[in-house]
Amino acid sequence: MKKLPLSFFLRDDVVLIARELLGKVLVTAWNGIVTSGRIVETEAYAGESDNASHASRGKTKRTEVMYNDGGIAYVYLCYGIHQMFNIVTNVKGIPHAVLIRAVVPMQGIDVMLERTGKKVADATLTRGPGKVGKAFGFHTSQCGQMLTGNETYIGDDGFPVDENDIAVSSRIGVAYAGDHALWDYRFYVRGNSSVSGSRS
DNA sequence: TCTATGATCCCCT
DNA sequence: GGGGATCATAGAT
């Protein structure tokens, strides 16, 4: 399987990147323990001018990792419980990011079950960003990790995603962002049972 | 220092 | 379909 090159993440259209990440494969291999899954739901966060983005308040200790060149991980804690995994995009100085909201498990399902404390692998295993973070073993200490290395990367196995199967909607859980909450920045594979929220 | 709050999920009814 | 878990961050004191 090919890895997506750094140039994929350095482009300036974060919304396009979020859309193109559908069907790609997220792989982590901490200490040689491999888990992977096909990305079926993403959200774009478009920098300081986007009120739903953490970067809307400018550069802080938490958000500074987004100001680096793309192709690295932005991992943060939400609601005190959930490790959320984001992909930083665009070039140095522009804090764009794509949140991975849901994947379909591929490799290492037994490891994911162990990490999430589940008994059986059903469609809820990696449905929702908090569970993706947990199943793949992400932690805020992995903030800034390269996504083009051997421990963590985004793969392309040529899996085709039909344009007609790609659905668009407003982002989830960002009502505080006012009008920006209405932007069509969420992309998902229509009808896929691993997609969180509305999937029709 | 102190306090409010969230890019969520699970369990309960 | 409603509320509690649980804590780092940011902005206020």
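Residue numbering restarts at 1 for every chain, and letters A, B, ... go by the order of the sequence lines. Both backbone and side-chain heavy atoms feed into the values below; hydrogens, waters and symmetry mates do not.
- Annotation for Glu151(A): atom CD counts as buried by contact number, over 12 foreign heavy atoms lying within 6.0 Å.
- Contacts of residues 125-142 of chain A with DNA chain B (heavy atom under 4.0 Å): Arg127(A), Gly128(A), Pro129(A), Gly130(A), Lys131(A).
- Residue pairs meeting the salt bridge (Lys or Arg N to Asp or Glu O under 4.0 Å) criterion with at least one partner in residues 90-100 of chain A, sequence neighbours excluded, are absent.
- Rounding to the nearest 0.5 Å gives a distance of 9.0 Å between OG1 of Thr116(A) and NZ of Lys131(A).
- Going from atom OG1 of Thr42(A) over to atom CG of Leu22(A) covers 4.5 Å, rounded to the nearest 0.5 Å.
- Crowding of Asn150(A) atom CG: a count of heavy atoms from other residues, nucleotides or ligands under 6.0 Å not exceeding 12.
- Partners of Thr60(A) according to the side-chain contact (heavy atoms from CB on, under 4.5 Å) rule, which considers only residues two or more places apart in sequence or in another chain, are Arg62(A), Thr63(A).
- Under the 4.5 Å side-chain heavy-atom criterion for grouping Ile, Leu, Val, Met, Phe, Trp and Tyr, Met146(A) is connected to Val88(A) within one hydrophobic cluster.
- First and last contacts of DNA chain B with chain A, using any nucleotide atom under 4.0 Å from a protein heavy atom and ordered 5' to 3', fall at dG6(B) to dC10(B).
- Secondary structure note: stems in DNA chain C built from 3 or more consecutive Watson-Crick or G-U wobble pairs under 3.5 Å occupy B:1-6 with C:7-12, B:8-12 with C:1-5.
- Between chain A and DNA chain C, the heavy-atom contact criterion of under 4.0 Å yields a 5' to 3' nucleotide range of dA5(C) to dG11(C).
- Evaluation of the salt bridge (charged side-chain N to carboxylate O under 4.0 Å, His left out) rule for Arg38(A) yields Asp157(A) as partners, not counting sequence neighbours.
- Scanning for salt bridge (charged side-chain N to carboxylate O under 4.0 Å, His left out) contacts around Arg11(A) gives Glu20(A), with sequence neighbours left out.
- Contacts of Arg62(A) with the nucleic acid, taken as non-hydrogen atoms under 4.0 Å apart, involve only primed sugar atoms and P, OP1 or OP2.
- Under a 4.5 Å side-chain heavy-atom cut-off, the cluster of Ile, Leu, Val, Met, Phe, Trp and Tyr residues that includes Ile33(A) is completed by Val111(A).
- Leu113(A) and Val27(A) fall into different hydrophobic clusters, where Ile, Leu, Val, Met, Phe, Trp and Tyr residues are linked whenever their side-chain heavy atoms come under 4.5 Å apart, directly or through other members.
- Under the ring-ring contact (aromatic ring centres under 6.0 Å, His included) criterion, the residue pairs touching residues 122-169 of chain A are Trp30(A)-Phe138(A), Phe85(A)-Phe138(A), with sequence neighbours excluded.
- Ile94(A) pairs by the side-chain contact (heavy atoms from CB on, under 4.5 Å) definition with Asn90(A), Val91(A), His96(A), not counting sequence neighbours.
- In this structure, Tyr76(A) and Tyr74(A) have parallel ring planes: the angle between them is below the 30° cut-off, well short of the 60° mark.
- Atom CG in Leu21(A) sits 10.0 Å away from atom CG in Asp156(A) (nearest 0.5 Å).
- Of the residues in residues 76-97 of chain A, Leu77(A), Tyr79(A), Gly80(A), Ile81(A) come within less than 4.0 Å of DNA chain C through at least one heavy atom, sorted by number.
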